[in-house]
S.K.: 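First the structure, which I've put down as structure tokens, then a few questions once you've had a look.
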2 protein chains.
Amino acid sequence: MENKKYSVLIIDDHPLITEAYKTAFDYYSKQNENITFSIDTVQDCDTSMDMINDIFKKKKVLDIVFLDIKLPPSKDGKIISGEDLGLKINKLLPNTKIIVSTTFNDNYRVHSIFKSLNPDGFLIKNDITPKELIETIDTIINDPPYYSKTVIRLLRKQVANDFLLDNIDRKILYELSIGTRMKDLPSILPLSIAGIEKRKRHLKHLFNIKSVDDRELLLVAKEKGFI
Amino acid sequence: MENKKYSVLIIDDHPLITEAYKTAFDYYSKQNENITFSIDTVQDCDTSMDMINDIFKKKKVLDIVFLDIKLPPSKDGKIISGEDLGLKINKLLPNTKIIVSTTFNDNYRVHSIFKSLNPDGFLIKNDITPKELIETIDTIINDPPYYSKTVIRLLRKQVANDFLLDNIDRKILYELSIGTRMKDLPSILPLSIAGIEKRKRHLKHLFNIKSVDDRELLLVAKEKGFI
DNA sequence: AAAAAAAGTAAGGACAATCCTTACTCTTTT
DNA sequence: AAAAGAGTAAGGATTGTCCTTACTTTTTTT
């Protein structure tokens with residue numbers, strides 16, 4: 001079997017986590033003598049952007065990215081999460097495999113990251129042990145994708161209900177659940193207040209909710225796994 | 001020098017993190033031959049409570065606890081965070097040294113954890129590398145307390161402003177910043193709506209804010225490090 | 001390509017939450 | 001005893017939300 005060297009970028013603002021990833025790669029290449037890794041780690045959006053642009057310009061190769069979603073935003077405020085970085089990577093470096101790794105475990109976020117990035121790996125940090133990390137690496141290299149337990153569970157919930165709600169419904173529910181006001185929604189969504197109200201009424205009808213305020217709606221939406 | 005064995009409990013729901021802690025303890029006891037550790041790890045509130053109660057009942061010794069704040073809540077909903085566990089530990093096992101370790105890096109939370117738990121160590125996860133973790137262990141054993149970079153920076157900000165705002169002001173700002181409505185605040189705070197409004201007006205006056213809605217107030221409060 | 005259905009917008013009125021003012025009570029300070 | 005500080009209570013003004021109706025635009029069906 002021929003030798004292969006993979007180049008890896010780890011984007012995560014927790015040094016203990018990046019260290020754990022590195023350890024896993026080390027271990028893996030010891031078990032598989034023909035495979036080695038060249039690993040870089042970055043801890044914020046600005047440096048990540050610099051590295052991605054550099055790789056693109058110099059036509060270097062990047063095989064694998066581990067991507068945390070919650071990161072300190074860039075100084076100019078343009079890149080506010082790992083999701084934005086992922087979009088950039090998909091655009092500039094389409095052959096790079098992205099493994100999303102996050103603490104978010106609510107359906108809405110996982111779902112929207114899936115749609116926007118379509119990653120080759122998706123890990124919820126609560127799920128993964130050092131051992132599972134090594135399995136992840138193996139799967140990513142030989143037979144992607146790899147999704148961790150919680151992700152698979154959320155995806156299953158999703159499939160059963162997916163025909164009902166679209167992205168905008170989901171976003172409305174999500175925004176309401178974090179306390180956004182109706183009057184502020186038109187600047188977040190491409191819809192008028194009247195349109196949003198119509199959708200809300202539709203959702204309440206769908207879920208069989210009579211109450212006038214939104215608590216019950218959000219409760220049921222959470223229960224059904226939409227947020 | 002006599003031998004000493006410390007008993008340690010690690011409470012954190014991320015296996016990669018608990019593993020990193022363990023590795024640090026291992027390393028430390030290899031460097032210090034007279035010191036050994038007996039380490040347990042737990043990943044949720046329920047199991048933690050069981051362990052704490054067991055240690056208390058059987059009058060066992062617990063020297064050091066690493067305590068994550070954001071944890072899956074207990075099934076009966078009574079313990080909703082590591083802070084609650086910390087209170088229990090302080091009460092039942094007053095000689096146990098608590099090292100809080102969390103991803104929260106906003107002033108309000110750090111401040112309120114300080115007041116409620118008065119921990120011997122306080123780590124923001126973004127700050128700590130494997131190397132710093134070993135220093136932490138050394139400091140905790142020989143000369144506590146140990147606070148990581150961000151914590152010290154937040155504490156300094158605090159001191160300069162502390163005379164201005166009390167706990168309730170802080171809590172009002174915090175609740176508003178996460179979207180809580182005025183009408184719901186009286187059930188969270190020991191104050192009437194009128195009283196809360198009065199305080200809000202007072203705060204706006206203090207910060208020199210003319211605008212009628214709360215965005216600017218919350219912005220300035222964040223800037224000044226109150227939330 | 002016309003008709004029907006679905007989704008969004010606009011404008012109005014009813015209702016509820018927020019904000020502000022004034023007047024009163026209670027506690028602490030001077 | 002007076003003054004200052006903090007909270008409560010009740011009102012009215014203002015703003016946000018919800019709902020209805022009528023109209024426009026887009027999509028689907030035939």
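Predicted model, so just to flag it, every value in this text is computed and none were measured. To find a chain, count down the sequence lines: A is the first, B the second, and so on, and within it residues start at 1.
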S.K.: Under 4.0 Å, counting only non-hydrogen atoms across every strand here, what does A:Asp214 touch: a base, just sugar-phosphate, or nothing?
M.R.: sugar-phosphate
S.K.: Given 3.5 Å as the limit, does a donor-acceptor pair link the side chain of A:Asn53 with the main chain of A:Met49, or not?
M.R.: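 Checked: pair present.
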S.K.: Hey, which sits more toward the 5' end of DNA chain D by its nearest nucleotide, B:Arg181 or B:Ile168?
M.R.: B:Ile168
S.K.: Could you check whether B:Arg109 makes a cation-pi contact with B:Phe104, meaning its NZ or CZ is under 6.0 Å from the centre of the six-membered ring and within 45° of the ring axis?
M.R.: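 Pair B:Arg109/B:Phe104 counts as cation-pi.
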S.K.: Can you pull out the residues from residues 185-201 of chain A that lie within a 4.0 Å heavy-atom distance of DNA chain D?
M.R.: A:Glu197, A:Lys200, A:Arg201
S.K.: Nearest whole angstrom, please: distance from the C1' of D:dT15 to the NZ of A:Lys183.
M.R.: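 A:Lys183 atom NZ is separated from D:dT15 atom C1' by 8 Å.
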S.K.: Using atom CZ of B:Arg215 as one end and atom P of D:dG16 as the other, report the distance to the nearest whole Å.
M.R.: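 Computing the B:Arg215:CZ to D:dG16:P distance gives 10 Å.
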S.K.: For the ring pair A:Tyr21 and A:Phe66, is the centre-to-centre distance below 6.0 Å?
M.R.: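 Ring centroids of A:Tyr21 and A:Phe66 are less than 6.0 Å from each other.
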S.K.: Please report the shortest heavy-atom distance between A:Thr103 and A:Lys125, naming the atom on each side.
M.R.: CG2-CD, 3.9 Å
S.K.: Could you check whether any side-chain N or O of B:Asp63 sits under 3.5 Å from a backbone N or O of B:Ser7, counting only pairs where one atom can act as donor and the other as acceptor?
M.R.: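 Yes; at least one donor-acceptor contact below 3.5 Å.
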S.K.: Sequence neighbours left out, what passes side chain to side chain contact (heavy atoms under 4.5 Å, CB included) with A:Lys222? Give chain and number order.
M.R.: A:Ile227
S.K.: Measuring only between side-chain heavy atoms, which start at C-beta, is B:Leu165 closer than 4.5 Å to B:Leu206?
M.R.: yes
S.K.: In this structure, how many angstroms lie between the P atom of D:dT14 and the CG atom of B:Asp213, rounded?
M.R.: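 The distance from CG of B:Asp213 to P of D:dT14 comes to 17 Å, rounded to the nearest Å.
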S.K.: In plain terms, say whether A:Arg170 and A:Asp166 are close enough for a salt bridge, that is, a side-chain N and a carboxylate O under 4.0 Å apart.
M.R.: no
S.K.: Taking any atom under 4.0 angstrom from a heavy atom of chain A, which nucleotides of DNA chain C are the first and last to qualify, 5' to 3'?
M.R.: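 That gives a stretch of C:dG8 to C:dA10.
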